[in-house]
Amino acid sequence: MTPRENFGSRATVIMAMAGSAIGLGNIWRFPFIVGEYGGAAFIMVYIVCCFLLSMPILLSETIIGRRTHQGTFGAMNTLAPGSAWKWLGLLTIFSPLIILSYYSVVGGWSFAYLCKAISFQFKPENAESVTSMFGAFSSSTWAPLACMVIFLGLTALIVYLGVNKGIEKFSKISIPVLFVLIVIIAVYSITLPGAGEGVKYLIKPDFSKLTPGAYASALGQSFFSLSLGVGTMLTYASYVNKNENIIASAGGTAFFDLLFAILAGFAVMPAVFAAGITPSSGPGLVFETLPFIFAKMGAGGQIISVTVSILFFLTILVAALSSSISMMEVGVAYLVEEKKVSRHKATISLFLITLVVGILCSLSFGTLSDIKLFGLTIFNFCDRLASNFLMTVGALLFSVFVGWKMDKAAVKDELTNGGTLKSSSKLFPFVYFLIKYVAPVTIAVIFILGFIG
Ligand code: TRP
C-alpha cells in the first residue's frame with residue numbers, strides 16, 4: 001500500500017485549511033449578513049464567536065483527525081470502536097456532499113460571471129439591465145448547469161490529483177493570490193467617490209441592530225466560514241504531521257479566514273454605498289449589486305472597472321474552488337480508506353453523485369422552482385439543512401466527543417505533542433474548558449433557541 005500523504009509544513013497546513021475556510025462564505029455571505037445586522041457591532045460579535053466557539057470546534061476536529069490519521073468514519077471507529085459514534089462518522093460523509101451540491105451552483109455562477117466580465121457585459125449603457133440579468137441567468141436551464149459542471153469538474157480534477165499534488169499545490173498558490181486580489185479590490189472600492197459612508201458603516205458599531213437573531217447568525221456564519229461540523233477540517237487534519245503545533249495551525253487558519261472576511265467586507269460595502277444602494281440587499285449583493293456598480297463606474301474609467309470586475313469574479317471562483325475541494329476530499333478519503341476504492345474511482349463517483357443533487361439545486365431556481373420541501377426550494381432546503389442543522393449538530397457532537405468521550409490525557413497529549421510544546425501546555429486548561437463546557441453549552445442553547453423561534 002502506498003503510504004498516506006501528509007501536508008509538507010506548517011505553512012502548507014495553514015494554507016490548505018485556510019483554503020477550505022476562505023470561500024463563498026467570506027465573499028458571498030459575510031458582507032450581506034454584516035449588512036443585515038448593522039455593520040461593526042455584528043463584526044465584533046462575530047470575532048468573539050470565532051475565537052470562543054468556533055476555535056474549540058476547529059480544535060476538536062483537528063485533535064480527532066491528527067490523532068488517528070484517518071478520515072471521519074475511520075477516526076470515529078478507531079477512537080470509539082463499536083459505539084454509536086460511528087453515526088457521527090457516517091453523517092459527516094454525507095453532509096459535505098450536500099453542501100458541495102448547492103455550493104457548486106454558486107461556484108458555477110461565479111464562473112459564468114467571470115466569463116461575462118471578460119466579455120465586457122457590465123457596460124454603463126446597460127447598467128440597469130445588469131441587475132435583472134442575474135434572475136434571468138439563474139432561472140434559465142442550460143447555462144447555469146453547464147457552468148456548474150465545469151466548476152464540479154475542476155473540483156474533481158484537483159481532488160483526483162491527490163493531497164500533495166492537488167489540494168496542497170492549489171492552496172499554496174491560491175491563498176496568497178486571493179489575498180493580493182482582495183486587497184486590490186478593497187483599495188479600488190474604498191477610493192470610489194462616496195465610499196466613505198461604507199467604510200464608516202464597517203467601523204462604527206450600531207448596537208441597536210444586535211437582535212437575538214444576530215447572535216445565531218454570527219455563530220452559523222462562523223461555522224460555515226471555518227468549514228466546521230461536517231468533518232472537513234477533521235479530514236484535512238488527518239494529513240497533518242505528528243510534530244505540528246495544532247493550536248498554532250488552527251489559530252492561523254481562523255485568523256486568515258477572519259482577515260479575509262473583513263477585507264471582503266471592505267471590498268464590497270464601500271462600493272455598495274458609493275452606488276447609493278442599501279447595504280442589506282441580501283444574497284444578490286455579489287451577483288446583482290456589484291455588476292451594476294462595475295457597469296456604472298465603467299463610465300469613469302472603462303479599463304479599470306472591467307479589470308476590477310474580472311479580478312473580483314476570479315477571486316470568488318478561486319476561493320470557491322479551494323473550498324469545494326475540501327468538501328469532496330471527505331468522501332474520497334472515506335472511499336479510499338474504508339472501501340479500498342482507488343482515488344480515481346472515488347473521485348468520479350462523488351462527482352456524479354454531487355452532480356445529480358447539484359442539477360436539482362440549480363434547476364430549483366427555474367424549472368423546478370415549484371417543488372418545495374418544507375416550504376423551501378431544493379437549493380434553500382439543502383442550505384438550511386446543512387447550515388442550520390447538520391453543521392450545528394456535527395459541531396456540537398465533535399466537541400462533546402473530545403470533551404467528554406476522549407480521555408483528557410489523550411487530548412492533552414495531542415494538543416501539546418506529548419507535553420513538548422510549552423505554550424500549548426500553558427494554554428491547555430483554558431482550551432480544554434472551552435471545548436468541554438463553553439462550546440457545547442452555548443451551541444446547544446443557540447441551537448434550541450433557533451428552533452423555538
Ligand atoms: N468555508 C467555506 C466557505 O466559507 C465553505 C466550506 C468548505 C464549508 N467546507 C465546508 C462549509 C464544510 C461547511 C462545511 O465558503
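Counting begins at 1 with the first residue of the sequence. For ligands, and for the atoms within them, numbers begin at 1 and follow the listed sequence.
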Problem set entry | Ring-face cation contact, Phe389 with Arg384, 6.0 Å cut, 45° max | no

Problem set entry | Test: Lys116 cationic atom under 6.0 Å from Phe137 six-membered ring centre, within 45° of axis | yes

For this session: Decide whether Thr155 and Ser324 meet the rule of one side-chain donor and one side-chain acceptor closer than 3.5 Å.
Result: yes

For this session: Check step by step if ring pair (Phe, Tyr, Trp, His ring centres under 6.0 Å) holds for Phe7 and Tyr236.
Result: CA-CA 9 Å; Phe7 289 131; Tyr236 269 16; 5.7 Å; yes

For this session: Could you tell me whether Phe313 and Trp109 have their ring centroids closer than 6.0 angstrom?
Result: no

Problem set entry | Phe42 and Tyr46 aromatic ring geometry - parallel, tilted or perpendicular at 30°/60° bounds | parallel

For this session: Could you name the protein residues that come within less than 4.0 Å of ligand 1, counting only heavy atoms, and order them by chain and residue number?
Result: Ser20, Ala21, Gly23, Leu24, Gly25, Asn26, Ile99, Tyr103, Phe224, Ser225, Ser227, Val230, Thr232, Ser323, Ser326, Met327, Met391

